[in-house]
There are 2 protein chains.
Amino acid sequence: MPQKTIDRRIQRTRQLLQNALSELILQKGYEKVTVQDVIDRANVGRSTFYAHFESLDQLLLSGFEPLRAQFEDFLSGAEFDHESPWALSLTMFQQVQKQQGGYITLTHIQKFLYGYLLDHLKMGMPKRNKNVPPELLAHYVASSFIALMTWWIDNEYPLSAEKMNEIYRQLVEPGTMAIMMGG
Amino acid sequence: MPQKTIDRRIQRTRQLLQNALSELILQKGYEKVTVQDVIDRANVGRSTFYAHFESLDQLLLSGFEPLRAQFEDFLSGAEFDHESPWALSLTMFQQVQKQQGGYITLTHIQKFLYGYLLDHLKMGMPKRNKNVPPELLAHYVASSFIALMTWWIDNEYPLSAEKMNEIYRQLVEPGTMAIMMGG
DNA sequence: TATGTTTCTGAACACTATGTTCGGTTATAC
DNA sequence: GTATAACCGAACATAGTGTTCAGAAACATA
């Protein structure tokens, strides 16, 4: 049973922590950020931090939640059941650029995407071709996507999302299709 | 001016530390290994560790050195100047499997490979096609390779190096060639 | 605006790890 | 055999983690 309203202090605290983490990640990279850094910058008590999150990872994930939920909705929507998995990529490029997600979250997107692709590949792939495990194919398609996304973010979005998506498909689709149709 | 012989104690200490690190990585993954773990298992004094390496990362890198040097030799050899970059991949699969390098070192291989590919792509690519930056192409080819390698290692080499190489080329070559020839 | 509840605070604590220092011990090269 | 270089390990300073708890502050609600 969800609360009607959430205590303003809670919202405030979480927001402060998330903002502090974001800024610190930009400054020195996630690996080097400590809980101490975050609570210092957010000006929040140590115990308060642990009352809300049990680790830095959790705090990071909590910020990613809206984006993740959005993708989940999108992926479970009926509209794409009969489309190929490729229909996803453009939206993903666009969403990531819009939200300026940063590549910190890409790991999570990758896992998510992998699971999705694996399902769809298992359905859509003929039984032949034991040669190439669907897990490998899904891993490749997801990894390639993340690779392009990483380059794109690192270089501060030098091309449009549409162009990136076009390149992605040009690169990945031919080889994948060939193998799926029975290499 | 390099030493004629290296003090046996030095060799012994470094070997012990490297072995200890390898074993610990297999047991619990690099991220969770501490200096304390390493010196305990190697049975080496704390100060001794720091006399040889200034961090765990350095110790890790030192173990990677032979493999890296080998690749460097290989890549700078004349024999492949007129071959396509694809000639590399099989050897790499084979080498990594032989040396049981583990994916810890893959980051370094990737950087290395990226530089190599970028050089060769800039040479071999017509001037047309400003659309797709060679940096992106090199990044993609290197990343895909690392992706397949990662999957292969994670799953404990379920396919032969030859088979992996074949799949890699089937997946990556068509799209890449199409773009290089002027997508 | 009074009240009971929830949240925040911050200091104290136990713990784990890092990296340095230094006097004493041991192995090695020659 | 001896000088030297490497090793040892305990002690120390530093820094981070995660927990606890009593008191202060903010909040929702009526």
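All values below come from the heavy atoms of this structure, side chains included, with hydrogens, waters and symmetry mates left out.
Residue-to-nucleotide proximity on DNA chain D shows that, of B/S47 and B/I10, the 5′-proximal contact is made by B/I10. Between A/V44 and B/L56, the residue anchored closer to the 5' end of DNA chain C is A/V44, taking for each the nucleotide with the nearest heavy atom.
Distances were taken from every side-chain heavy atom of A/R46 (C-beta onward) to each of D/dC7, C/dT18, D/dT17; the shortest belongs to D/dT17. When distances are taken from the side chain of A/Q36 to each of D/dA6, D/dT17, C/dT7, the shortest belongs to D/dT17. Of the candidate nucleotides D/dA25, C/dT9, D/dG16, D/dG16 has the atom nearest to the side chain of A/T34. Distance from the side chain of A/T48 is smallest for C/dT9 among the nucleotides C/dT9, C/dC30, D/dC8.
Separating the CZ atom of A/R9 from the P atom of D/dT29 is a distance of 12 Å, rounded to the nearest angstrom. Rounded to whole Å, atom C1' of D/dG18 lies 16 Å from atom CG of A/L59. Going from atom CD1 of A/I39 over to atom C1' of D/dT17 covers 10 Å, rounded to whole Å. Per the geometry, NZ belonging to A/K32 stands 16 Å off P belonging to D/dA15, to the nearest Å. Between B/E54 atom CD and C/dT21 atom P there is a gap of 14 Å when expressed in whole angstrom units. For the pair A/F49 CZ and C/dC8 P, the interatomic distance rounds to 13 Å; values are reported in whole Å. Across the protein-nucleic acid pair, A/I6 atom CD1 and D/dT29 atom P stand 13 Å apart, rounded to whole Å. The separation between A/Q11 atom CD and D/dA28 atom P is 9 Å, rounded to whole Å.
As judged by a 4.0 angstrom heavy-atom cut-off over every strand, A/S55 is placed among residues making no nucleic acid contact. As judged by a 4.0 angstrom heavy-atom cut-off over every strand, B/N43 is placed among residues touching the sugar-phosphate backbone only. Using a 4.0 Å heavy-atom criterion, one finds that A/R8 contacts the sugar-phosphate atoms exclusively.
Defined by atom type and a distance below 3.5 Å, a donor-acceptor pair is present between the side-chain atoms of A/Q15 and A/N19. Defined by atom type and a distance below 3.5 Å, a donor-acceptor pair is present between the side-chain atoms of B/T34 and B/D37.
Of all heavy-atom pairs spanning B/L137 and B/M180, the tightest one is CD2-CG, 3.7 Å.
For the OP1/OP2 pair of D/dC7 and a distance below 4.0 Å, the side-chain nitrogens and oxygens of B/T13 include at least one atom meeting the criterion. Within the 4.0 Å cut-off from OP1 or OP2 of D/dT19, not a single side-chain nitrogen or oxygen of A/Y50 is found. For the pair B/H52 and D/dC7, the criterion of a side-chain N or O lying under 4.0 Å from OP1 or OP2 is met.
For an aromatic pair to be called close, the ring centres must be under 6.0 Å apart, and A/Y114 with A/F145 fails this.
Taken together through direct or relayed side-chain contacts under 4.5 Å among Ile, Leu, Val, Met, Phe, Trp and Tyr, A/W151 and A/Y157 form part of one hydrophobic cluster.
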